[in-house]
Amino acid sequence: MDAGRVSFGFVLCVAFALSGVVFSTAELHRLLHPPKDDGSLALLVVGDWGRRGAYNQSQVAVQMGIIGEKLEVDFVISTGDNFYKNGLKGTDDPAFEESFSKIYTAPSLQKEWYTVLGNHDYRGDVEAQLSPIIRKLDNRWICLRSFIVDTEIVEFFFVDTTPLVNKYFIHPEDAVYDWKGILPRQNYLSSLLKDVDSALKDSNAKWKIVVGHHTIKSAGQHGDTQELLHQLLPILEENKVDFYINGHDHCLQHISSINSPLQFFTSGGGSKAWRDDINWMDPKELKFYYDGQGFMSLEITESQAKFVFFDVFGNVLHQWTSSNQLLHSSI
């Protein structure tokens, strides 16, 4: 990681972390990550990956390294479910190095990894992933519950979506979830949604992108997440968010909203996939669906955003470009 590009805001946040403070509230902490000298930004997005290299995780990582070098990516976004099947057991869990540090070894991937938590992460010791101890093991790892990455031209709003989903509380089945820092739940959710709404309203960025683990709209196995449809989506639409990026469904997909310019991108193909199911949607909405492993790239300037989906072999599956004037064109 290029130490010269680390901003004051990022240093300040890390200073808090190294002092032992773990950000466990819903407050949106802001990290600064400057764009390239020409004002552009390039990044990769991968989700649902942490399986010690199994289920083609290692092969996806290789292709990420190749594409990352070609695009000169500035950072990587992880859309959650970082460690299967039950998160990390603690800060000394070898799964961290075996599923992350020893897998994503390409030079181009030695950048910040901005990470949200998924439902499987909540089945382990959640605070292990948030801990400064983990970051000392690999300084690429940046994981908070909810936060903002400000790149000047784009603001990324990372949202902790797992506590929004009722079934994890009401019908957890055989899973045990770690709700430290979440309870009382309604207070946490009220604060989170209020903070997201306030941060979006205050944003003057050219682009607003929200990142969460769970789907809002999906043709995959999990389908739409009703709690997000009812509680988060109205906030995104009211504040004219451009894109929502998520994982959770182990597939790659692009869905257009029929009610607003908002676009939905799923990048959850980091390892185990091929579930052989799809809930077909109106083709006006479902622009692309791939039931398999892979990842997504995003190249963005003040005036244009280009999304590309790649499979496990590095083949381009789908690409789509948007202008900042909301004149969309499929390619």
Side-chain angles (χ1 to χ4, degrees), residues 1-7 10 14 31 33-36 40-84 88 94-118 121 129 134-144 147 149 151 154 156 158 209 211 213 245-247 250 252 265 267-273 293-300 306-317:
M1 183 168 58
D2 184 356
R5 289 173 59 85
V6 178
S7 69
F10 176 74
V14 172
L31 307 178
H33 193 122
K36 293 182 174 67
S40 68
L41 194 74
L43 59 122
L44 301 179
V45 183
V46 65
D48 304 84
W49 42 265
R51 299 184 186 270
R52 292 180 166 88
Y55 295 98
N56 287 338
Q57 182 195 358
S58 294
Q59 287 83 345
V60 172
V62 168
Q63 295 303 325
M64 288 176 63
I66 294 171
I67 301 300
E69 181 176 0
K70 179 180 179 181
L71 299 181
E72 297 182 355
V73 295
D74 298 280
F75 56 84
V76 179
I77 287 175
S78 171
T79 57
D81 278 2
N82 309 310
F83 303 99
Y84 283 96
L88 293 180
F96 179 76
E97 291 188 324
E98 293 170 359
S99 290
F100 178 62
S101 298
K102 294 181 179 179
I103 301 297
Y104 302 101
T105 57
S108 67
L109 304 182
Q110 306 309 302
K111 306 290 176 63
E112 292 91 344
W113 280 58
Y114 297 113
T115 306
V116 292
L117 298 166
D121 299 310
Q129 293 195 47
I134 288 292
R135 194 167 191 280
K136 287 181 179 179
L137 296 177
D138 193 319
N139 65 1
R140 295 178 292 173
W141 186 257
I142 302 171
C143 182
L144 295 84
F147 60 106
V149 174
T151 70
V154 190
F156 295 86
F158 291 76
I209 301 178
V211 180
H213 175 64
I245 296 174
N246 62 272
H250 296 186
L252 308 174
F265 296 91
S267 184
S271 60
K272 189 176 183 180
Q293 292 128 343
F295 59 99
M296 184 179 80
S297 69
L298 170 58
E299 297 172 87
I300 194 163
K306 179 181 180 181
F307 294 83
V308 182
F309 287 95
F310 301 89
D311 68 11
V312 68
F313 304 107
N315 299 314
V316 173
L317 300 173

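Every heavy atom of this structure was used, including side-chain atoms; hydrogens, water molecules and symmetry mates were not. In this chain, numbering begins with 1 at the start of the sequence shown.
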*Show the numbers, then the answer: is there a side chain to side chain contact (heavy atoms under 4.5 Å, CB included) between Ile209 and Leu298?*
CA-CA 11 Å; Ile209 301 178; Leu298 170 58; 3.9 Å; yes
*Audit row: Leu252, Ser267, side chain to side chain contact (heavy atoms under 4.5 Å, CB included) steps and yes/no*: CA-CA 5 Å; Leu252 308 174; Ser267 184; 4.2 Å; yes
*Under the side chain to side chain contact (heavy atoms under 4.5 Å, CB included) criterion, do Leu71 and Glu299 qualify, and how do the steps go?*
CA-CA 8 Å; Leu71 299 181; Glu299 297 172 87; 3.7 Å; yes
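Here Ser101 pairs with Asp138 under the side-chain hydrogen bond (donor to acceptor under 3.5 Å, both in side chains) rule; sequence neighbours left out. Contacts of Phe75 classified as ring-ring contact (aromatic ring centres under 6.0 Å, His included), with partners at least two apart in sequence or in another chain: His33, Tyr114, Phe156. Every residue two or more places apart in sequence or in another chain that forms a side chain to side chain contact (heavy atoms under 4.5 Å, CB included) with Ser40 is listed here: Lys36, Asp38, Thr301. Residues forming a side chain to side chain contact (heavy atoms under 4.5 Å, CB included) with Val62 (at least two apart in sequence, or on another chain): Ile66. In this view, Ser78 and Trp49, Asn82 satisfy the side-chain hydrogen bond (donor to acceptor under 3.5 Å, both in side chains) rule, not counting sequence neighbours. Partners of Asn56 under the side chain to side chain contact (heavy atoms under 4.5 Å, CB included) rule, at least two apart in sequence or in another chain, are Gln59, Gln293, Val312. Every ring-ring contact (aromatic ring centres under 6.0 Å, His included) that Phe307 has, sequence neighbours left out, goes to Phe243, Phe265. With sequence neighbours excluded, the residues that form a side chain to side chain contact (heavy atoms under 4.5 Å, CB included) with Asn246 are Thr215, Tyr244, Thr266. Applying the side-chain hydrogen bond (donor to acceptor under 3.5 Å, both in side chains) criterion to Tyr84, with sequence neighbours excluded, gives Asp48, Asp81, His250.
Two residues are said to be in side-chain contact when any heavy atoms from C-beta on lie closer than 4.5 Å; Val149 and Glu112 fail this criterion. Looking at heavy atoms from C-beta onward, Trp113 lies out of side-chain contact with Ile142 at the 4.5 angstrom threshold. Taking 4.5 Å as the limit, every side-chain heavy atom of Lys306 sits out of range of all side-chain heavy atoms of Ile300. Under the 4.5 Å side-chain criterion, counting only non-hydrogen atoms from C-beta, Trp141 is not in contact with Lys136. Side-chain contact between Leu43 and Asp74 is absent, with no heavy-atom pair separated by less than 4.5 Å. You'll find the side chain of Ile77 stays beyond 4.5 Å of the side chain of Leu44, heavy atoms only. Two residues are said to be in side-chain contact when any heavy atoms from C-beta on lie closer than 4.5 Å; Arg140 and Lys111 fail this criterion. Looking at Val76 and Val45, their side chains never come closer than 4.5 Å, going by heavy atoms from C-beta outward.
Screening Leu117, Ile134, Leu144 for a side-chain contact (heavy atoms from CB on, under 4.5 Å) involving Gln129 leaves a single residue, Leu117.
Residue pairs meeting the salt bridge (charged side-chain N to carboxylate O under 4.0 Å, His left out) criterion with at least one partner in residues 61-72, sequence neighbours excluded, do not occur; the list is empty. Residue pairs that meet the salt bridge (charged side-chain N to carboxylate O under 4.0 Å, His left out) test with at least one member in residues 51-66, sequence neighbours left out, are Arg52-Glu98.
Rounding to the nearest 0.5 angstrom, the gap separating the CZ atom in Phe83 from the CG atom in Leu88 is 4.5 Å.
A pairwise comparison of heavy atoms in Ser108 and Gly65 identifies OG-O, 2.7 Å as the closest pair. Annotation for Ser297 and Phe310: closest pair OG-CE1, 3.4 Å, computed over non-hydrogen atoms.
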